[in-house]
Amino acid sequence: YVGAQIMCWTFIIHYGTALFTASPYNMQEQAAEVLSQKYNIAAMILFCSSRFVCTYLLKYVKPGALLLALAIGGFALTLATILIQGIAGLYCLVGISACMSLMFPTIYGIALKGLGEDAKLAAAGLIMAILGGSVMPPLQGAIIDLGSVNLGALTLPAVHASFVLPLVCFVVIAVYGFRTHHYHMD
C-alpha cells in the first residue's frame, strides 16, 4: 500500500508536466510543474476529506469489504490513468487518493485483530512494511526514464505505463480485502 501511495503522489507532477508541456497546452516546463503541483495538493485534500467519508462508512460496511471496494476503485482509476490520455487521465490519478484514504488504517486494524500480546510485534512488522514506499518509486522512475513503452500495437508514454506498478499493488490489496472479508468474515 505505502508503495502505491508514494508512487501516485510523487509522480502526479511528472504525469501533469508531461501533459501540460504537450499539445494542446504547450506550457513551459516550469509553469507545467507549478500547475501539476496544484493537482498534487488537490490529491492530498481529497485524501484527507475521503478519510472522514470512509471512516463514516465503516459504521455500515465491514473493514475487509470496504478495503476490497477501495482497492477495486484504486485499480480502476489507475488503469484509467494508464490508458486515458489528456486531462481526464490526470483527474483519474488525483481520484486515486480518495481510494487510498483509509487503506493503511484498515490494513493495520485487520492485521492486528485478535492477536492479543502478539499485536506489539506484529505492529512493528507492519510499520517495517512501509519499506515499499522507498523501494517502489525508484522502479517507477526507471520506467519513466524509458520515454515510451511499446506494448505491441499500443505505445504509451512511459509516465503512463509506469503506473502499472501501483496497479499491481492495488491488486494485492484487493486480494487481501477479499480474503479478509470472505474467509475470515471480519
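Here OG1 of T78 is found 8.5 Å from CZ of F75. Values are rounded to the nearest 0.5 Å. Atom CG in L79 sits 8.5 Å away from atom CD1 in I84 (nearest 0.5 Å). Between the CZ atom in F163 and the CG atom in L156 there is a gap of 12.5 Å [rounded to 0.5 Å]. Note: Y91 OH to T81 OG1 = 13.5 Å, rounded to the nearest 0.5 Å. Separating the CG atom in L77 from the CG atom in L167 is a distance of 11.0 Å, to the nearest 0.5 Å. The structure places CD1 of I72 at 12.0 Å from CD1 of I173, a figure rounded to the nearest 0.5 Å.
Inter-residue side-chain proximity for M100 and L70 is flagged as unmet; no heavy-atom pair is nearer than 4.5 Å. Residues S50 and L102 are not in side-chain contact: their nearest non-hydrogen atoms beyond the backbone lie 4.5 Å or more apart. Looking at heavy atoms from C-beta onward, L67 lies out of side-chain contact with T180 at the 4.5 angstrom threshold. T106 places none of its side-chain heavy atoms less than 4.5 Å from the side chain of M103. A 4.5 Å side-chain heavy-atom check between S97 and W9 finds at least one atom pair inside the cut-off.
Residue C169 comes nearest to M136 through the heavy atom pair SG-CE, 3.9 Å, listed as atom of the first residue, atom of the second, then distance. Smallest separation of non-hydrogen atoms from V94 and Y39: CG2-O, 3.7 Å. Nearest heavy-atom pair, L58 versus P63, reported as atom, atom and distance to 0.1 Å: CD2-CA, 3.9 Å. Of all heavy-atom pairs spanning G74 and I96, the tightest one is O-CG1, 4.3 Å. Nearest heavy-atom pair, A32 versus T21, reported as atom, atom and distance to 0.1 Å: CB-CG2, 3.7 Å. Contact record, A18 with V159: CB-CG1, 4.1 Å, taken as the closest heavy-atom pair.
Taking the six-membered ring where tryptophan is involved, the planes of F20 and Y25 are perpendicular, since the angle between them exceeds 60° and thus also 30°. Classification of the Y15-H160 ring pair by plane angle, with boundaries at 30° and 60°, yields tilted.
Follow the hydrophobic side-chain contacts under 4.5 Å out from I12 and you never reach I41; the two are in separate clusters. Two different hydrophobic clusters hold V168 and V175 under the rule that ILVMFWY side chains link at heavy-atom gaps under 4.5 Å. Under the 4.5 Å side-chain heavy-atom criterion for Ile, Leu, Val, Met, Phe, Trp and Tyr, L83 and V164 are members of the same hydrophobic cluster. Linking ILVMFWY residues whenever their side-chain heavy atoms come closer than 4.5 Å, directly or via other members, places F11 and M44 in the same cluster. With hydrophobic clusters built from ILVMFWY side chains whose heavy atoms lie under 4.5 angstrom apart, F178 does not share a cluster with V172.
Side chain of S162 to main chain of I144: no donor-acceptor pair is present (N/O by atom type, distance under 3.5 Å, no hydrogens or angles). A donor-acceptor pair is defined here as one N or O able to donate and one able to accept, closer than 3.5 Å; no such pair exists between the side chain of T10 and the backbone of M7.
Within 6.0 Å of atom CD in Q37, more than 12 heavy atoms from other residues, nucleotides or ligands are found, so the atom counts as buried in its surroundings.
For the residue pair T17/E33, the side-chain donor-acceptor check at 3.5 Å is not satisfied.
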Fill in: side chain to side chain contact (heavy atoms under 4.5 Å, CB included) evaluation trace for I143 with L139
CA-CA 7 Å; I143 294 171; L139 295 174; 5.8 Å; no
Practice prompt. Under the side chain to side chain contact (heavy atoms under 4.5 Å, CB included) rule, what do Q5 and F104 come out as? Steps first, then yes or no, please.
Written response: CA-CA 10 Å; Q5 179 180 348; F104 188 76; 5.6 Å; no
